[in-house]
Amino acid sequence: MNYWLMKNEPEDYSIDDLAKDKTEPWDGIRNYQVRNMIRDEMRLGDNAFFYHSNCDIPGIYGQMTICKEAYVDHTAFDKNAKYYDPKSKKDTPRWLMVDVKFKKKFNKIVSLKELKSFKELSQMRVVQRGNRLSITKLEKKEWDFIIKLTK
DNA sequence: GCCAACGTTGGC
DNA sequence: GCCAACGTTGGC
């Protein structure tokens with residue numbers, strides 16, 4: 001069992017959208033480090049936090065699980081898609097995605113500011129300067145610590 | 001294979 | 001909207 005933090009801009013797709021849709025393909029990953037992580041390490045049933053970035057209060061807004069392991073991100077083939085990549089060909093696809101399933105929206109969100117205030121969480125990539133990975137891995141103890149903050 | 005230029009991310 | 005940080009591109 002792995003623990004993840006997955007960022008998205010709420011204007012693009014938010015925890016409320018996921019609450020409505022129940023499951024959703026997490027498409028648009030266009031970073032090799034992140035692609036390799038979801039391909040090699042992300043497994044069915046893993047837990048993930050839904051993090052809102054580029055918004056009024058960046059932070060963790062809810063919880064989800066991985067309900068489909070990595071498969072071809074077909075949006076890379078679509079000229080009209082936001083993350084179209086002409087270099088990803090159908091016979092040699094470059095990008096992958098997973099499906100996520102809604103678990104809960106937190107009554108009490110955990111803001112980035114709050115995450116930064118605990119020394120227990122200082123190793124998390126998301127609180128570190130210059131981190132640009134849209135998906136990062138957490139330790140179980142970090143996961144448990146954050147869950148407590150939502151209560 | 002180096003590295004400058006450029007594009008993107010994302011907090012503030 | 002600014003800008004620091006970082007990844008990618010492409011000329012050489």
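Just so we're on the same page: letters track the sequence lines, and every chain starts at 1.
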Task: Secondary-structure notation, DNA chain C, from Watson-Crick and G-U pairs under 3.5 angstrom (| other strand) - done: ||||||||||||
- [ ] Could you check A/G130 against A/K87 and say which one's nearest nucleotide on DNA chain C is further toward the 5' end?
- [x] A/G130
- [ ] Work out which heavy atom in A/L149 is nearest to a heavy atom in A/K108; give both atom names and the distance.
- [x] O-NZ, 2.8 Å
TODO: Could you check if a side-chain atom of A/M64 sits within less than 4.5 angstrom of a side-chain atom of A/E24, using non-hydrogen atoms only?
DONE: no
Open item on the list: Strictly under 4.0 angstrom, non-hydrogen atoms only: write out the protein contact profile of nucleotides 5-12 of chain B, one letter per nucleotide from the 5' end, B, S or -.
Closed with: --BBSBBS
TODO: Mark yes when over 12 heavy atoms from residues, nucleotides or ligands other than A/L133 sit less than 6.0 Å from its CG; otherwise mark no.
DONE: yes
Task: More than 12 heavy atoms from other groups under 6.0 Å of NZ on A/K137 - done: yes
Task: A/Q128 versus A/Q123, closest heavy-atom pair with distance - done: NE2-O, 3.2 Å
Task: Which atom of A/M6 lies closest to which atom of A/V98, heavy atoms considered - done: CE-CG2, 4.4 Å
Task: Matching residue for A/W95 among A/W26, A/Y83, A/Y32 - test: ring-ring contact (aromatic ring centres under 6.0 Å, His included) - done: A/Y32
TODO: Please check if any side-chain donor atom of A/W143 sits under 3.5 Å from a side-chain acceptor atom of A/N47, or the reverse.
DONE: no
